[in-house]
Amino acid sequence: MKNNHKNKFHGKKLTDAERIKENSNYLRGTIVDDLKNEITNGFIGDNFSLIRFHGMYQQDDRDLRLERHEQKLEPRHAMMLRCRLPGGVIEAKKWLKIDNFANKYTLYKTIRLTNRQTFQFHGILKKNLKNVHKMLRDIGLDSLGTANDVNRNVLCTSNPLESVIHQQAYEWSKKISNLLLPRTKAYAEIWLDQKKIFTTDHEPILGKTYLPRKFKTTVVVPPYNDVDLYANDMNFIAIVENERIIGFNILIGGGLSFIHGNKNTWPFLAQEIGYIPEKHTLLIAEVIVKIQRDWGNRTDRNNAKTRYTINNFGLDLFKKEIEKRAGISFEPIRYYNFISRGDRFGWMQDINHNWNLTLFVQNGRISDNNDKLFKSGLLKIASIHEGNFRITSNQNIIISEISKKNKKRIEEVVKSYQLTHQISNLRKNSMACVSFPTCPLAMAEAERMLSFFITQLENIMLKYGLEKEIIILRVSGCPNNCGRSLLAEIGLIGKSIGRYNLYIGGNRTGTRIPKIYKENITEKEILIHLKYLIKIWSKERNKKEDFGDFVIRKNFVKEIVNPIYDFWG
Ligand code: SRM
Ligand code: SF4
């Protein structure tokens, strides 16, 4: 193939997102003017999109939309802010300020752990935005690069057991995150009131118009695929020798979203391209991002992510271009294997003899409600604990590096706040995206429906003697698939209020996309279908056969081998 990639989309009209970036003066736009504008609680025009580059999304409470419309009021605008936290690690004492901010300045007074190992505040009024950025700066954090067309929060295996290797992997996730951050001074100027520096901004890696679309990266320590690497654009699988990471297998082009009815969109699993010694890690990260920057489709945002770039140019050409630009050759992929994705709950001692406690957080929502004081309990732990919190990609939290001295005190808090009451394996392995009321793209409930839905499924499992079994169950409120439903054994994807597509046949290690089983059905209908399938599974499964494998073996759905053809076919 001729190397004419720069001209591939030549002559086609660029998307409006490209105009916004080009005209933004390195992401400044007129955000400062909008901050002074007290007539509206929102951001206007291009600024609506530009604030995302600073880690914030403008939202409105969808439960109140109709009522406010009838009262001729503007929607109840408020911002969601997503923090940058590579590898999900944060000193516990910093949580005190985070918790305090949620209480004082957010409409919902909750904190939401995300499935990309960080946390979000929902419901920050425009007038309080500078407070959040200053609070984050005071504790050494920021929200740069957590939204829009940049490299997002870098994931890293949450594994406190093998902490030496984990520490090395974690250091790489921080280095990659820092390398790929936007360099513009706009964030510091606008939110931290730093003086405008009259030198020209320069984005050596991302470029003036940043990436064509969002970009996601992981650093993974096998055999645990807790980060769901196959859903990410760029992945570094650690190869370990003598207690040291010696290099990485590189996989590129994963992503899960699609559009209902649009067969030009499909989920895809990241593909292997080769092994590199550790010393080339940052070079390879930079080169891959630059190729996606240069080759990605800027004329159609639905065809812009790395998996489409690879489909447009071919994996071989993409790989050759990496080798050419980096001046190295990939070695063959080294052996690796995944055995699970779930978090290991409860108490565990790491190789430094410190204790670690993994707590289940339903949907990652840190809140106090009638029957559970999770937020207060976690705050109490933060006031005692001298180590870290580690947010997992499954929306849970690890209280890590607990000293012998503090173990007893933390155990008492866990007990008195009931932070680890009986939770089924089904529930522990479930996940939902945020969806209503804050997500503007939600088509059906996810987070708010999951708990009760699982209770009903737990009853079905109990009826067939399967109450101890694991099924990976995930719900997303729309086909953007934030809940990673398309890597679940049972995945629900919202179609409209109260209705979902039901996908089955993913596997436990997250290396297989499930296939549609029933389209556009109600929760009640889903439960009827699942009851039928679970009953047969209980009777006809091979020894210990997982649900996802069973439904494929029994031909309830066809296995997806190449999603480009099989996902819709
Ligand atoms: Fe997501 C957009 C929430 C992980 C694919 N996602 C959104 C927005 C910001 C809606 C919007 O654009 O206005 C949601 C905000 C809801 C709210 O009120 O908080 C949202 N996504 C989330 C989170 C919070 C879900 C969660 O419950 O944990 C996750 C935040 C991760 C983070 O900390 O960065 C989140 N989103 C994901 C994932 C899973 C992952 O990354 O492992 C995916 C699928 C993987 C992928 O990228 O293919 C995902 N989100 C999307 C998409 C589809 C992107 C695409 O490729 O087409 C959108 C819509 C878009 O970007 O246009 C989206
Ligand atoms: Fe919103 Fe859809 Fe993502 Fe759920 S999957 S958070 S509904 S964009």
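Start at 1 and go down the list; that is how both ligands and their atoms are numbered.
When the options Q58, Q395, R474 are ranked by their closest heavy atom to atom 26 (C) of ligand 1, first place goes to Q395. Atom 27 (O) of ligand 1 has its nearest heavy-atom neighbour, among R301, E447, R112, in R112. Among R82, Q117, R62, R116, the residue whose heavy atom sits closest to atom 23 (C) of ligand 1 is R82. Counting heavy atoms only, C482 comes closest to atom 20 (C) of ligand 1 of the residues S485, G123, C482. Looking at Q59, K216, R307, it is K216 that brings a heavy atom closest to atom 43 (C) of ligand 1. Taking only non-hydrogen atoms, the option from N480, N115, L441 nearest to atom 12 (O) of ligand 1 is L441.
Counting only N and O atoms by type, the side chains of K428 and N396 include no donor and acceptor under 3.5 Å apart. N507 and T511 share a donor-acceptor pair across their side chains, judged by distance under 3.5 Å alone. Judged purely by distance below 3.5 Å, without hydrogens or angles, the side chains of R293 and T209 never pair a donor atom with an acceptor atom. Side-chain atoms of T392 and D343 form a donor-acceptor pair, as typed in the model, at a separation below 3.5 Å. Neither side chain, T358 nor R390, offers a donor N or O lying under 3.5 Å from an acceptor on the other. A donor-acceptor contact under 3.5 angstrom links the side chains of S485 and S476, judged on distance only. A donor-acceptor pair shorter than 3.5 Å cannot be found between the side chains of N388 and S400.
If you number the atoms of ligand 1 from 1 as listed, the ones under 4.0 Å from a heavy atom of G255 come out as 48 (O). Atoms of ligand 1 lying under 4.0 Å from any heavy atom of S257, numbered from 1 in the order shown and given with element: 48 (O), 53 (C), 54 (C), 55 (C), 56 (O), 57 (O). Close approach of ligand 2 to N481 is summarised as follows: ligand atoms under 4.0 Å from at least one heavy atom of the residue are 5 (S). Atoms of ligand 1 found under 4.0 Å from any heavy atom of H122, numbered from 1 in the order shown, are 17 (C), 18 (O), 19 (O). Shown in contact with R213 at under 4.0 Å from a heavy atom are these atoms of ligand 1, numbered in order with element: 55 (C), 57 (O), 60 (C), 61 (O), 62 (O). Atoms of ligand 1 lying under 4.0 Å from at least one heavy atom of R52, given by number and element, are 12 (O), 13 (O). The ligand atoms of ligand 1 that sit less than 4.0 angstrom from a heavy atom of K214 are 5 (C), 50 (N), 51 (C), 52 (C), 53 (C), 54 (C), 58 (C), 60 (C), 61 (O), 63 (C). The A432 neighbourhood of ligand 1 comprises atoms 27 (O), with distances under 4.0 Å to a heavy atom of that residue. Within ligand 1, counting atoms from 1 as listed, the ones closer than 4.0 Å to a heavy atom of P440 are 13 (O).
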Original post:
Between F313 and W295, is a ring-ring contact (aromatic ring centres under 6.0 Å, His included) present by the stated rule, with each step listed?
Top reply: CA-CA 8 Å; F313 291 91; W295 291 11; 4.6 Å; yes

**OP:** Go through the steps for D566 and K515 under the test salt bridge (charged side-chain N to carboxylate O under 4.0 Å, His left out), then give the verdict.
**Re:** CA-CA 8 Å; D566 304 342; K515 174 98 180 154; over 6 Å; no

Subject >> Candidate pair N103 and K375, rule side-chain hydrogen bond (donor to acceptor under 3.5 Å, both in side chains), full reasoning >> reply: CA-CA 10 Å; N103 291 345; K375 185 161 168 292; 2.4 Å; yes

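Around atom 1 (Fe) of ligand 2, protein N, O or S atoms at less than 2.8 Å comprise C439 SG.
Ranking protein heavy atoms by distance to atom 16 (C) of ligand 1, first place goes to C439 CB, 3.6 Å. The nearest heavy-atom contact from the protein to atom 56 (O) of ligand 1 is K305 CD, 2.9 Å. Protein heavy atom in closest approach to atom 18 (O) of ligand 1: T438 OG1, 2.6 Å. The protein atom (non-hydrogen) at minimum distance from atom 24 (C) of ligand 1 is Q120 OE1, 3.2 Å. Of the protein's heavy atoms, T114 OG1, 2.6 Å lies nearest to atom 33 (O) of ligand 1. In terms of protein heavy atoms, atom 15 (C) of ligand 1 is closest to M80 CE, 3.8 Å. Closest to atom 44 (C) of ligand 1, if we only count protein heavy atoms, is N481 O, 3.4 Å.
Polar contact with ligand 1: present for L256 (N/O pair, distance under 3.5 Å).
Between the side chain of R298 and the backbone N or O of L14, no donor-acceptor pair lies under 3.5 Å.
Residue C433 places a heavy atom less than 4.0 Å from ligand 1. Taking a 4.0 Å cut-off on heavy atoms, D228 fails to register as neighbouring ligand 1.
Y308 pairs with exactly one of F258, W266, F268 by the ring pair (Phe, Tyr, Trp, His ring centres under 6.0 Å) rule, that one being W266. Screening R499, E525, K495 for a side chain to side chain donor-acceptor pair (under 3.5 Å) involving N520 leaves a single residue, R499. When each of N264, T265, N312 is checked for a side chain to side chain donor-acceptor pair (under 3.5 Å) with N303, only N312 meets the rule.
Considering only residues two or more places apart in sequence or on other chains, F338 meets the ring pair (Phe, Tyr, Trp, His ring centres under 6.0 Å) condition with Y336. Residues passing the side chain to side chain contact (heavy atoms under 4.5 Å, CB included) test with R116, sequence neighbours excluded: T114, R152, L155, K216, N232. Remark: N562 engages no residue in a side chain to side chain donor-acceptor pair (under 3.5 Å) (not counting sequence neighbours).
At a distance under 4.0 Å, no protein heavy atom can be found next to atom 8 (C) of ligand 1.
Here the straight-line distance linking atom CG of N23 with atom CG of D46 works out to 7.0 Å at 0.5 Å rounding. The line from OH of Y500 to CE of M449 is 4.0 Å long, rounded to the nearest 0.5 Å.
For N153, no heavy-atom contact with ligand 1 is shorter than 4.0 Å. Looking at R152 against ligand 1, nothing comes within 4.0 Å, counting heavy atoms. With a heavy-atom cut-off of 4.0 Å, R484 touches ligand 1 through its side chain alone.
At a threshold of 4.5 Å between non-hydrogen side-chain atoms, the residues L502 and L530 count as touching.
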